[in-house]
Each structure stands twice: as C-alpha cells, then as structure tokens.
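Worksheet: the structure to be examined is printed underneath.
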Amino acid sequence: METVDETLEMMRAEDLRRLAQTVNVPLSTRYVTVTELRGLVREALDSLPRPAQTGRPLSDPAVSVIGLRKRYGATTAVKSLDLTVRPGEIVGLVGPNGAGKTTTLRAIAGIIRPTSGSVMVNGVDMREDSTETKRVLGYIPERPTCYENLRVREYLTFVAKIYGVPRHIAIIRTSRFSRMLQLDEFLDSYIGSLSKGNLQRTLLAGIFVRPPPYVLLLDEPIYGLDPRGAWSLKRHLRHLRDTGSAILLSTHILEVAEGLCDRFVIMHEGDVVGRGTLTELRERFPRARTLEHVFLELTGGIPEE
Amino acid sequence: MKTHALVFVEMREVLNGVRRTAKSASLLGFYAVMVCGGIFISWVLGQVASAGSMLASVPVLLRDYLTVESVATVLGLVMASSLISGMFGSGTTSVLRPPDEFALMPAPVGPHQIFVARYARRILRKLTIALIIVLVLYPMTIRTALSLGEISLAVLGALGLLEFVFLLSLLGYTLRHRASGLGRLKRLAVYVCVGCIALALVHPATNSNPVLGLLLPSSLISLVALSAAGILQTQFLWPLMGLIGIDFLIMFLVVTVSVERGDYERYIARPTPVSRPTRLERAVRGEVDFSQSRFSDPMMWVILKDFWTRMRSPLQFAKYVSAAGASVVAVLLWVVFPYAATRITLPVSTRNLIPYAFFLVEMAFLHVASTTSLLSFSDERENIYLLRVSPLPRSSVVLAKFVGSLVESLIASVPALLLLAYFVTFDGVLSLVVLALPLLSLFCATGTMIGAYIPVFTNEPSSPPIPLVFAFPVINLALGGLLGYFVLQVSGLLLILAIPLFVLAAVWFFLSRASRALLNYR
C-alpha cells in the first residue's frame, strides 16, 4: 500500500496546489516548482498531528446476522438467515436471481428493517441506527447510480465531508484511489457523462476516500470494470482484508468469488443452502471441482450435457 | 455540519446543472425558446387586456362575488384534499433519489437531514422558476394597470400555496405511516384528527372565526390574496404575511421531525410500473397478445407496443373507458337530442369574444391531451436504447411515436370537445372543433421532437430537463395562436390552402428534428 510520501510523489501539480492551500503552505513567490511545492507540503503535513492511517479495529464478528427474516407482503425474500463476517475475511454471498442477496445486504446496511431477527454491525444492533456504526459501512448497490450533476471530485469531497474525513486526508486519498482505479482523468467530469465502468469506479473511490477498516457490502463490485480495473480492485480488497476490514461480497461471477473469497454463503429462494470454505463445500459434493459445480449442485443440480 | 454539507452539495448540483446548460447550445436554445415565447405570449395577453373593456372590469366583477370565506373555503378544500390524498401518495420518500441507496442511506446522516437538504433545493428551484415567470410576465405589466410588485406577490403567493399543499401531503403520508404501527383505537384517533384538520381547513365557520382564521393557512392566504388584488382593504398585509411565514415554518418543522428511517424501506420497496399488475391489468394483458398482430410494418409494431404498454396502466385504461363514455354521450347529444339541453347563454356584449374563448379553451385542452407525445420517448426509460439499436429506420421510430401519440390524443380529447361545443354553441363552432386535428398534429409533432431530445440531454430520460418540458407549452401556444389567428381572421380559399400547408411544413420540420436527435443519444 502506498505511503503518504509515495502519494505525494505521484500527485498531479493541480492536486498538490490544492493540498498546499488546504494545509496552509505559505506561498510567497509567484512561481514554485512541483518539487519545491512537494517539499513544502511534506513539511506542512509533518507539522500536523499525524492522522491514524487506520481507524479503530472492528469488533469481532464485524457482521452478525441472526435469524434474519424479511417479508414483502406475501413474499418472503429471506427466510431465517444466520451469517457472520469476521474482520480480516471476505465472505462471498452467492445465489441465483431472487435468492435474497440484495435484501440481505440492504438489511445489513440498515436501509431496510428485518421482519424478525437481528443484524449487528461492528457490535451494534442496526435497529438502533447508530451513526458511529455507519461510519465504517461501505455499500455498493447492484445497479450503480450517482448524482449526475456533480463532478467526480465534488462527489468524493462530499463523501469525505459526510464521513468527517479531514480535507487534506481526503485530497491525498482521492489522489491515491483515483489513480488506483484509473479515474484520475475523469475527476473533473460530470458523473452523468461517465460510462458505467467509470461510474462503478467513482462509487468505489467514494468508499475508499475514508480511512479503513471498513465493513464492506459489495453487490457485484466487478460489474463494468475492465480487466485492469478489476485486478486492481481485487488486489485492494485483499489488502483491506489483510488489514482488518470485513467484506461481504455478492456476485454472480463465480470465478471472481472463487478467487477472492475465504468463505461462501450460498442462498437459494431466501434460504441458505450451503456455507463454508471451498474445500468444505467440495467435500459435501465429491463430483464438484469448482465453486460453479457446487453452486449448481445446491441450486437445482448440474444440468446434463 | 452534515446538514450544511448536504445542503451545500444540493446547491452545487443545481449550479452544475446551470453550468452544463450554459455549455450546451441546444439546451440553451430550448431555454431561449421558453423565455422568449413566454415573453411574447405575455405581451399578447397585455395587448388583449389593454384593449378589452370586459377584462378591465374583472376586478369590479370579482369584488361582488369573492369573499374571504369563499376563497378560504376553496383554498381549504385544496389543502384538505392534499392532506388526505397525501396519505396514499409517496410522501417524504419523494425527496429520495436512486443514488441515495448507497450514498446517504447507509451514511451517518439522519433522514431529516436529507429532507432538509432536498427541500432547500426544491425551494431554490421554485424561486428560480418564480423569477423567470415574473420576468416573462413583465411585458404584460407595461400594458396593464398591474405593477411588477403585484405580479411578484401573486407569483410568490401561488408558490407559497403550492408549498403548503406539498407539506400537507407529506404530513398526511407521515400520519398514515405513523398510525399504521399503532393499535386500532389509536389509529382511529389519528384518522379522526386528520378528518378534523381537513374539516377545519374547509369549514367557513373556522375560516371566518377571527382567532382560528388567523391560524389557518387557507384563511390567511385568502386574506392576503384578496388584499393584494385590491378586492379587500386591510392595513395588516405585512403582519398577515408574517403569520403565513410562521405557519409555513411550523409545518416545515413538523414534517422535518416526522421524517423517519422507515422511508428508506418504503422508497426501496416502491412499486415499479411492471412489478405489481392488478387483476384488471392482468385481464388486459391476458386477453390481448399483440405479437399475433398481422401488421408487418415495423412502425405499426412500435405503435402497438406503446399502446399495449400504456394500456397496462390502470389510469390509461380508465382514460379510454371515459373517452368511450364521453363519445357515446356526445353522439347522443348531437345526433339524437340536438336541442334538448339548456345551453349556456352569455351577454350580447361578450358574444363576439366567445369564438376566441372557445378556441383558447380548445387549445389548452388539446395541449394537455398531447402531453402523451412528450412522454413517448421518456416513457421508454432505459429501453430507449433498445429502440435506438434496433434495425429500424430513425424515421420509422419517430413516425411511430408521432402517429401513436396523435391517435391517442384524438381519442382522449375529441369527445370532450364535442361536449363542450354542445353546451357553448355558436355559429361555426364545429369548424373550430375540426381544428383539433391540425392543432393536435402540431402539438404532437412538437411533443415528439422535445421528447426525442430528452435522452440527448440526460442519462435519466424519466426525469427530463426543465427547459425541454417548459418549451413544450410555449411552442404549442405560439403555434396554436398563429393557427387560431389565421382561422379567425382569414377566410376562403387562402384558409383552406394555408392551414394544411402550414401544418404539414411544421410537422415535417419538427419530426425531422426529432429524427436528428436520435443520432445524438448519450
């Protein structure tokens, strides 16, 4: 992971100027070279109280769902779901369409209230609507959408404000993650003019602009990303896991889930039909060689050739 | 601090919207059409008002008929109905937007903070529109006895009234959902309270009561409106406006504190047009399978697709049923009982104005009916791209939208026009009814053109940009006025030739623009 110094080295002149203004670098000359400015910014940052690179560790388990049930009228979207996600692990939530994955993620995010059962995030019941708990939450919905009349940079600044990220940290993290997600050339573009892939990158950058650890609830995060962007994101998600974030990832792309997740929860028609590591799941189905085979076995059987 | 940040970002979005408009020549063009056309219409109205002796005596006539109680009762009725209908509306969820699901709902901000920010944006937009309306109406003030201050006050008054109506509908929604979690008796008590508030707003006794009248917005607004119009003399105009401000603030705060997190869930679970078919819709859907159609023209397929897609909305179905009913009644009246009904008779001095008045009403009516053409492209939502990439010539898509809207508008409007013509009759009234076809052709062509431009300017065709929507009535009124002028001033062969030529040329122009717009989709 990049250090602050490395980020400063890679920062564009305009971003560096913006950061210099934010940390009150006294600029008395009309012209200053980028190298000089970088030095001045570094000095100014050193004089500030060194912010923690990461927040307080998450409680264990970071996500605890017990007996979650959600009904919409006569339809039961989720039937008695138990689920835990510990800090430092990526759990894959897989299942066919209509299995109840999105409802589960929304209930954990506190957007919808469970009909029964409890949802604890970072040790706090989501029904209590704890503002502090929400600080660690990051949620990407299945169909990405964003405020189309905002520029990407404005959106990231807005998110930073909402989550109380100091301005200079927000600038540094914006620069770092916009580069990681190949978004730097679009920072001044209107969100409404972005392609779906770049929109997805913007939403991800909006999460990463706050310091970790996070409880990430990602619904198809790879959607719309090109191979390089997908690779960068997967690498970053693994880094986040290794530094104590808890990630619950819902996807249809089983290769992605297989390569990224430590454990799996397989849902079908609102029920959990399988759970465990890939090895444990394979043991249940000796014929299955991949997660795809396990998935098919659990959700109606492998179709005949 | 967070509320401040939320309000700031809303304002930033509005500002960015203006900036994007300023950089887009076509959108600027639509704004220019909207404002210039509006100013032109306002100037024409000013000319008419200054020339017509009847219009000059309007305030005197109104003084005899309007009382504070009657106006307050009417306003109270509007407010009470919004309170009650609000109980079944989308209420406070209407301020939420799709990106909120990931950006603000899981964020450490309260739902009341989101509401405050969105309401600030709403007020800013409304004030901007009010400013544009005042600017547009300015030419009218030059030719009439009205002052700019009076016009501004009237526009602000209308804005205030709309905001009261909006807040009351939100209050109705909140009360209903809060009550749904209570026991039966408490729930009943809440509904009785809603009924009492509605009754208090409507009842003349409360509105005329010197104490209660000063608390109710319906009575306060009626007092201010009548004073501003010179119908009522009062020395307390400003204190009354202050009281309206206090009422508004109380309403706003009550709604703000009652916004709750349950709105998120209701927003997420809101029904989509295709997700909850009613029995009637299923019946319609089950009985008709338009894939069995014998038409082979792709244009007809697009028309049929639109027709049956719309028919799956109960409202549309009701529209056709009422059109059919009105047609039967109109035919009965005109053919079977041509002189049976008591027709409206107007004073001799105003009879020469009746054709003009009829034409204006007809034009307004047809304009409303032709709104379907404006929505023909935006109704497609994201599916617009399916049409765009389908192997159809652009002209077929545009013509399908145009013809489909024209037929639908004719079905919806002609029976009602025949009924109107039956009751307000004069020599040549049917010739004005016949004008519905050229007028609707023009209106549907402008609607199709503007509708086709919507996806050019936005990625969300379901929420079209304001100038496009406003350009629609402005262009229609200007074109309709021009056509009306021809019909009422010119006669003979020239008229017979001029109308079809004018209409065909205008329709061709608008449809060719629409076809061109399809090339520039985002």
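Letters go in sequence order (proteins before strands), and every chain restarts at 1. Fair warning: this is a prediction, and the values are worked out from it, not measured in the lab.
With rounding to the nearest 0.5 angstrom, the CG atom of B/Asp263 is 13.5 Å from the CD1 atom of A/Ile111. In this structure, CD on B/Glu101 lies 9.0 Å from CD1 on A/Ile112, to the nearest 0.5 angstrom.
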Mind running side-chain contact (heavy atoms from CB on, under 4.5 Å) on B/Val9 and A/Glu154 for me, showing each step along the way? CA-CA 8 Å; B/Val9 86; A/Glu154 288 170 347; 5.9 Å; no
Does the pair B/Asp100 and A/Tyr147 meet the rule for a side-chain contact (heavy atoms from CB on, under 4.5 Å), with working shown? CA-CA 9 Å; B/Asp100 295 337; A/Tyr147 307 109; 2.3 Å; yes
Could you walk me through whether A/Lys134 and B/Met105 pass the side-chain contact (heavy atoms from CB on, under 4.5 Å) check? CA-CA 9 Å; A/Lys134 289 193 162 188; B/Met105 290 181 196; 6.0 Å; no
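For the pair B/Asn16/A/Tyr190, a side-chain contact is recorded, criterion being any heavy-atom separation below 4.5 Å from C-beta on. The shortest side-chain heavy-atom distance between A/Phe158 and B/Leu6 falls under the 4.5 Å cut-off.
Counting heavy atoms of neighbouring residues, nucleotides and ligands inside a 6.0 Å radius, atom OH of A/Tyr163 exceeds 12 of them. The number of heavy-atom neighbours closer than 6.0 Å to CZ of B/Phe166, taken from other residues, nucleotides and ligands shown, is above 12. Heavy-atom contacts from other residues, nucleotides or ligands closer than 6.0 Å to CZ of B/Arg19 number more than 12. No more than 12 heavy atoms of other residues, nucleotides or ligands shown are found within 6.0 angstrom of CZ on A/Arg86.
Nearest approach of B/Arg12 to A/Leu150, heavy atoms of both residues: CG-CD2, 3.7 Å. Nearest approach of A/Ile162 to B/Pro108, heavy atoms of both residues: O-CG, 4.0 Å. Closest approach of A/Leu203 to B/Phe102, counting heavy atoms only: CD2-CZ, 2.9 Å.
Only the side chain of A/Arg106 comes within contact range of chain B, with heavy atoms under 4.5 Å apart. Contacts of A/Leu137 with chain B are made by side-chain atoms alone, with heavy-atom separations under 4.5 Å and no backbone atom involved.
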